[in-house]
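Notes follow once the structure below has been shown.
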Amino acid sequence: MRMQFCHIGTMKTDRIKPNGHSANFDFATDTTVIELKKRLSDIRALRNALAHNATYLARETSKNGYLLLVEPRLALETITDQVEALKKALQPGVAERLKVVATKDVDIVLRLGTVPPPDLELIRQCMAESKGPGARLPQPDKQREVLLLILHQWITGKGPMTSRWLEDTVGCQYRTVFAAVERLGPVVQRSTGKSIDLKYFPEREWKELLVVSHDVRSTIHYTDTSDQPRSPESLLKRLTKLNRDDIAVGGVTGAKHYYPDLDIVGTPRLDLCVHAPGDRVDLDFVKRLDPGLERTRDPHRPAQLALHFIRRQESLFHRADQNLLIPDPVECLLELYMGRLDQQAAEFQSFLAMRGRELSGEA
């Protein structure tokens, strides 16, 4: 009997809710579900994925569940130890149906559990699908993402915050949060319940971030190749028609949303923030904004469009007037500096620092 293969990547049509929780899988058939994790480097994330599969299999007693690890950063011995430890705590019927496969390049390098030929074919299809369309993004600097997130919470008066919240929001391990907090040093204040917050705007750490921002951040610039380039306002109107919930408008437009008195006339370019927690992103929407836009790596060539990629798990976008999504204020500040609008960036930074002091009760 021929099995029907269903890729549930963009649509997530197979929504299963064991015990009241959403359990989306990346690939599924009538008899098999597969959860795919790329470059997994966190033991906690491995345990969570295994538990997710086990919970589902305890309910769906006729299905097999696979955790497919593509290019895992964990040692194969570590993966094996974690799987064996979990299976000892599971009912035999669940343990036998919970299987783990790890791949490197195009080869399967680890199989934990019996993999029948039909399931092996599915796994190979998943491996091919996992390469996916779109541009590959570099590995994010998660320690600096933690720094930006701590600053965001202070500026918006939403602190203090726990390490666990930072880990989940950024998508990182505890030691990454610990290293970021240590880097901030005396700027951090600790409250009850092991929560942290800032005492004031971290000037030294912010300057260090600005020095390396062009190297550590994922940003793509586009320039117009036609004789009549579209204005940023025209591109923005086209963007609103796409109804995307993963793209926000930052830069000058975003900064003026938070600080209408910003001293600038017009919009030099359109800065868009794309929420991309994975390692690939589809950039086909750029041609829908303007077919004349082409990517440029020349820093001296004026850009009409800049794409900045938000790599953490939570985008922190919010909806403003005209149905526009706006990124967080720290992101907008960073984009002003990256756009070489130093005077306006310094003005906006002073405003955010004053607001942070007021909301934290330090003013």
Side-chain angles (χ1 to χ4, degrees), residues 37-48 73-74 137-219 248 250 273-279 308-317 327-338 345 348-349 352-353 355-357 359-362:
K37 296 291 183 183
K38 295 181 181 179
R39 286 180 288 281
L40 195 74
S41 60
D42 185 351
I43 290 179
R44 176 186 289 177
L46 173 62
R47 291 172 179 167
N48 289 342
R73 302 295 175 86
L74 294 171
L137 297 174
Q139 286 294 307
D141 187 332
K142 293 192 175 182
Q143 189 178 133
R144 286 191 166 86
E145 284 289 338
V146 172
L147 292 171
L148 293 173
L149 191 57
I150 292 174
L151 181 55
H152 167 269
Q153 294 297 98
W154 179 74
I155 283 174
T156 57
K158 295 179 180 178
M161 66 220 79
T162 65
S163 173
R164 182 57 183 271
W165 182 84
L166 289 165
E167 293 170 50
D168 292 343
T169 306
V170 171
C172 65
Q173 304 176 50
Y174 170 77
R175 62 174 175 264
T176 303
V177 173
F178 178 81
V181 173
E182 287 295 298
R183 174 178 284 186
L184 287 168
V187 181
V188 172
Q189 61 180 355
R190 291 173 170 82
S191 57
T192 58
K194 299 182 180 180
S195 297
I196 63 168
D197 204 352
L198 293 181
K199 297 177 183 177
Y200 47 84
F201 192 97
E203 295 281 354
R204 179 177 63 84
E205 293 75 13
W206 180 254
K207 290 179 181 178
E208 291 177 355
L209 176 62
L210 291 180
V211 170
V212 299
S213 60
H214 285 278
D215 295 325
V216 302
R217 283 175 58 80
S218 303
T219 296
C273 297
V274 182
H275 187 216
D279 64 338
H308 312 276
F309 301 97
I310 307 299
R311 309 299 303 279
R312 55 181 174 251
Q313 296 300 305
E314 299 292 334
S315 69
L316 301 183
F317 296 165
D328 67 271
V330 179
E331 177 65 28
C332 295
L333 174 61
L334 194 53
E335 290 168 15
L336 290 183
Y337 277 114
M338 293 181 71
F348 187 42
Q349 179 178 326
L352 293 179
R355 192 170 86 164
R357 290 193 301 269
L359 293 175
S360 65
E362 299 294 329

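Note that the coordinates shown come from a computational prediction; the quantities given were computed from them, not determined experimentally.
- With contacts defined as side-chain heavy-atom distances shorter than 4.5 Å, the pair E331/C273 qualifies.
- Taking OG1 of T219 as the start and CG of L334 as the end, the distance is 8.0 Å to the nearest 0.5 Å.
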Using the side-chain contact (heavy atoms from CB on, under 4.5 Å) rule, take Q143 and R175 through it: C-alpha gap first, then chi angles, then the decisive distance, then the call. CA-CA 9 Å; Q143 189 178 133; R175 62 174 175 264; over 6 Å; no
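- Between W154 and R357, the closest side-chain pair of non-hydrogen atoms falls below 4.5 Å.
- Between C172 and D42 the shortest heavy-atom distance is O-OD2, 4.0 Å.
- The distance from atom CG of L149 to atom CD of E314, rounded to the nearest 0.5 Å, is 10.0 Å.
- Smallest separation of non-hydrogen atoms from L333 and A345: CD1-O, 3.3 Å.
- Without hydrogens or angle criteria, K142 side chain to G171 main chain gives a donor-acceptor distance under 3.5 Å.
- One finds a salt bridge joining R312 and D328 here, because a Lys/Arg side-chain nitrogen approaches an Asp/Glu carboxylate oxygen to under 4.0 Å.
- Contact annotation: the side chain of L184 approaches that of L198 to within less than 4.5 Å [non-hydrogen atoms, C-beta and beyond].
- Closest of all the heavy-atom pairs between P329 and H152 is CD-CD2, 3.9 Å.
- Side-chain atoms of R311 come within 3.5 Å of backbone N or O of P138 as a donor-acceptor pair.
- A 4.5 Å side-chain heavy-atom check between P327 and S315 finds every atom pair outside the cut-off.
- Atom CG of L209 sits about 10.0 Å away from atom CD of E205, to the nearest 0.5 Å.
- Between the T169 side chain and the W165 main chain, a donor and an acceptor come within less than 3.5 Å of each other.
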Could you walk me through whether L46 and L74 pass side-chain contact (heavy atoms from CB on, under 4.5 Å), step by step? CA-CA 9 Å; L46 173 62; L74 294 171; 4.0 Å; yes
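- Between V188 and K199, the closest side-chain pair of non-hydrogen atoms is not below 4.5 Å.
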Worked verdict on L151 versus L352 for side-chain contact (heavy atoms from CB on, under 4.5 Å): CA-CA 10 Å; L151 181 55; L352 293 179; over 6 Å; no
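- Contact check for Q349 versus W206: side-chain heavy atoms found under the 4.5 Å cut-off.
- A salt bridge is defined here as a Lys NZ or Arg NE, NH1 or NH2 lying under 4.0 Å from an Asp or Glu carboxylate O, and K207 with E203 fails to meet this definition.
- Residues passing the side-chain contact (heavy atoms from CB on, under 4.5 Å) test with S41, sequence neighbours excluded: R73, Q173.
- Side-chain contact check for E145 versus L147: every heavy-atom pair is 4.5 Å or farther apart.
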Working for side-chain contact (heavy atoms from CB on, under 4.5 Å), residues L166 and I196: CA-CA 10 Å; L166 289 165; I196 63 168; 4.0 Å; yes
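- Here the OG atom belonging to S163 is positioned 10.0 Å from the CZ atom belonging to F178, to the nearest 0.5 angstrom.
- In this structure, the separation between CG on L148 and CG on L316 is 10.5 Å, given to the nearest 0.5 Å.
- Across every non-hydrogen atom of G278 and L137, the tightest pair is O-CD1, 4.3 Å.
- Annotation: the span from D197 atom CG to R190 atom CZ amounts to 12.0 Å, rounded to 0.5 Å.
- A 4.5 Å side-chain heavy-atom check between V170 and Q313 finds every atom pair outside the cut-off.
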